[in-house]
Amino acid sequence: MIVIDVKNIHKTYQGVVPVHAVRGIDLTVKEGEFAAIVGPSGSGKTTFLNILGGLDTPTEGDIVVNNTNLSSLKASQLIDFRLHNIGFVFQAYNLIPVLTAQENVEFIMQLQGKSKQERSKRSVELLNAVGLSDKLNVRPGKLSGGQQQRVAVARALASKPKFILADEPTANLDSDSTSNLLSIMERLNKEENITFIFSTHDQRVVNKAHRVITIDDGKIVSDINNL
Amino acid sequence: MLPLISWKNVWRNKTRSLVVIIAMMIGVFSGSFIIALATGVIDSRSQDIISNQTAHIQLHHPKFSDYQEIQYLITDVNESVAKIEALPQVKAVTYKYKNLVMSHAGSQRGAINLVAINPEKDSAVFAIKNYLKYEGSTYFDSSIRNPILLSENTAFKHQLENYLLDSVAFFNLSHSSIPTEVVEKVKKLDGESFKKKKQFSLKLKEILTEDEYLVHKNRIFKSCAKLKIKRKIELSTYSYTNENIPETYRVVGYYKTNDAMFDGLNAFVLNDNFANQAQLPANTAHEIDIMLHDKASLDSVKQKLVTMFPDLLVETYRDVRPEVAMSEDMMDFYTLIIMSIILFALAFGIINTMLMAVLERTKEIGMLKAIGMNKKRVFFMIMYETVYLGLTGGVVGMVIAYFLISYLEVQGINLSMFQEGFEAMGYSSILYPKLQAEMFFQIVLLVIVTGILSAIIPARRALRLNPADAVRF
Ligand SMILES: Nc1ncnc2c1ncn2[C@@H]1O[C@H](COP(=O)(O)OP(=O)(O)OP(=O)(O)O)[C@@H](O)[C@H]1O
Ligand SMILES: [Mg+2]
């Protein structure tokens, strides 16, 4: 089943000097993929991921996610679409600092209007799955960077999204935390068939990906199966 | 969920939030307190005027108020008073003659507004009885012929006092600001007494240097003065038939209210005595005074009296003393102005703090929008936080003000340090701050409105954040 289908995506940042950050990308992603997007700094990875996630709009081209054309949605519908269909893991600032790990995971389900029982059951399960069953009531400030990113993955999964977008999720982590996070993501992908699309600069992370998409100067220059 | 997150967010920067909360607390507290003080002053002033001077409602011959001529009388007074007393809202009714008379005592002359009353009825309406001073003073409770109740003020003006250098006088002297060497010199006169101020001052000039005399004489006079009853004062009035008729009255008591101006003018005699002197027809009066059970029925009773007595002029204390009505009415307006100014200033502090908080949290708010928090929720999250920031201090300030004012409403604040100044203006020297429920709610409402209005700018600022920019690193 195809979850992402984009054709001829262009993005130009208007400014004194317009920046043509994405210059015609076609891409299809199927359910259960574990794909890395790589490329030099400034090649347009973040721009492209933001467009895939409905955080930014392309200047040209259509994004069809789960059979919905994002350009047909109004701003408020787009927010709701993100809430129910896409999980996000950012490089940092993923969590609400005044809430505990569990409350952070529950928060997104609360936005979705899930019941109290479902929220607490699922948040415990997910934090278990990312190996944080002993940190349920700890606030982000008292967690390590790696633990925080694991909470972020749990939070991203909590809304039962169609896929998870992660822009450089390991950029702020040391190598142990990086491999730990990666193995959790791999396991979730293998056991639960969760679709992950992540960008990275880290070769070890790239090596774990099943599919490696290389972008340069706003275009896909290679797309290899890495299984 | 959002209210709780917002509340926790308030405490992310404890110092900064506390500063705003405390500023708000102090602002709201002092605003409420100042308003309560002003209300207390104005209220006790109207209360004094009502209970000492005007009562709630007065009736006059329509021309009396303009000319105060003795012939503008209300007739059938007893019947009218009985009819008014029958109204359920009415607590007490009295009637009186009022006339400007010339006074004469010894070599002193003056003018007095003579109020001729029926003591039994008058004391049910007015409180003069509670202001008697000096030993022997009574409220017409004596067999003296033609008794008169004078103010301390008027008595001194007519030099009715004598001077006695007894232990009380020396106690007063040594507790005044007069230097001890002067007091020592005056002590040479121990035991002496003087009928006339002139004799005493001649004696003082002998024993004191000229400078000492000039600087301290007034305080020495005041310390040694004694007012005794039964002193004579002659009052002459134009009668009903326009003849000038003198009559001698004897002092039955001295009074002193909080209002020096009122004291300087008014003296009280018996209704019958004055009617005799001025040859006034029976069953008449110049004024009927009505005290109500509750000020709230002022206007309705006035309307009723207007229909009951079409030939008389019916006025409330607010009509008779427009300056009192004005200060009563202005108070509501002042509340609004004072609180608005304070809250306007505080709103800037709140807005500034919240804008800082929003800017600091650009990434976090961007993240929340990215993962699916809609505009309404983002707006309310910031809104709640701002309102909490404003309300916490505001509510605490109101609560402190409420308890302090409730306490002082009973205890009073003694300002006797400044007593003379206050009383000269007709204000009591003990202040009873007062916060009416109405004003209290007005202030609470203003605080809430301020909280909400100051929330709008930071909340809109948060809405403007673009999640795609906010989550970039
Ligand atoms: N908001 C913006 N306005 C203008 N230009 C932008 C904006 N965001 C990105 N760019 C430009 O678009 C191009 C692509 O940037 P992007 O952030 O997508 O690259 P990236 O591959 O994610 O880089 P990195 O690996 O450093 O994160 C760059 O030249 C960048 O300067
Ligand atoms: Mg990037």
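Just so it is clear: chains get the letters A, B, ... in the order the sequence lines come, proteins before strands, and each one is counted from 1.
- Looking at Arg361(B), neither its backbone nor its side chain comes within 4.5 Å of chain A, counting heavy atoms on both sides.
- A side-chain donor-acceptor contact under 3.5 Å links Asn94(A) and Gln149(A).
- Side-chain atoms of Leu70(A) and Val65(A), non-hydrogen and from C-beta on, do get closer than 4.5 Å to each other.
- Looking at Ile96(A), both its backbone and its side chain come within 4.5 Å of chain B, counting heavy atoms on both sides.
- Of all the listed residues (Lys369(B), Arg377(B), Met367(B), Glu364(B)), the one sharing the greatest number of non-hydrogen pairs under 4.5 Å with chain A is Met367(B).
- Top candidate by heavy-atom pairs under 4.5 Å with chain B, chosen from Phe107(A), Phe88(A), Phe81(A), is Phe107(A).
- Relative ring orientation between Trp11(B) and Trp7(B) is described as perpendicular, the plane-to-plane angle rising above 60° on a 0-90° scale split at 30° and 60°.
- Interface remark: Gln112(A) contributes no atoms to any contact with chain B (heavy atom separation under 4.5 Å).
- Residue contact with chain B, scored on non-hydrogen atoms closer than 4.5 Å, involves the side chain of Ile108(A) exclusively.
- The greatest number of non-hydrogen atom pairs below 4.5 Å with chain B, out of Leu95(A), Ile86(A), Leu83(A), Asp56(A), is found for Leu83(A).
- Using cut-offs of 30° and 60° on the angle between ring planes, the pair Phe196(A) and Phe34(A) is perpendicular.
- Contact of Leu368(B) with chain A is made through the side chain alone, with heavy-atom distances under 4.5 Å.
- Using a 4.5 Å cut-off between heavy atoms, Asn50(A) contacts chain B through its side chain alone, with no backbone atom that close.
- Among the candidates Arg122(A), Lys121(A), Lys116(A), the single residue satisfying the salt bridge (charged side-chain N to carboxylate O under 4.0 Å, His left out) test with Glu106(A) is Lys116(A).
- More than 12 heavy-atom neighbours from other residues, nucleotides or ligands sit within 6.0 angstrom of OH on Tyr13(A).
- Both the backbone and the side chain of Thr47(A) come within less than 4.5 Å of a heavy atom in chain B.
- In this structure, CG on Leu136(A) lies 10.5 Å from CD on Glu103(A), to the nearest 0.5 angstrom.
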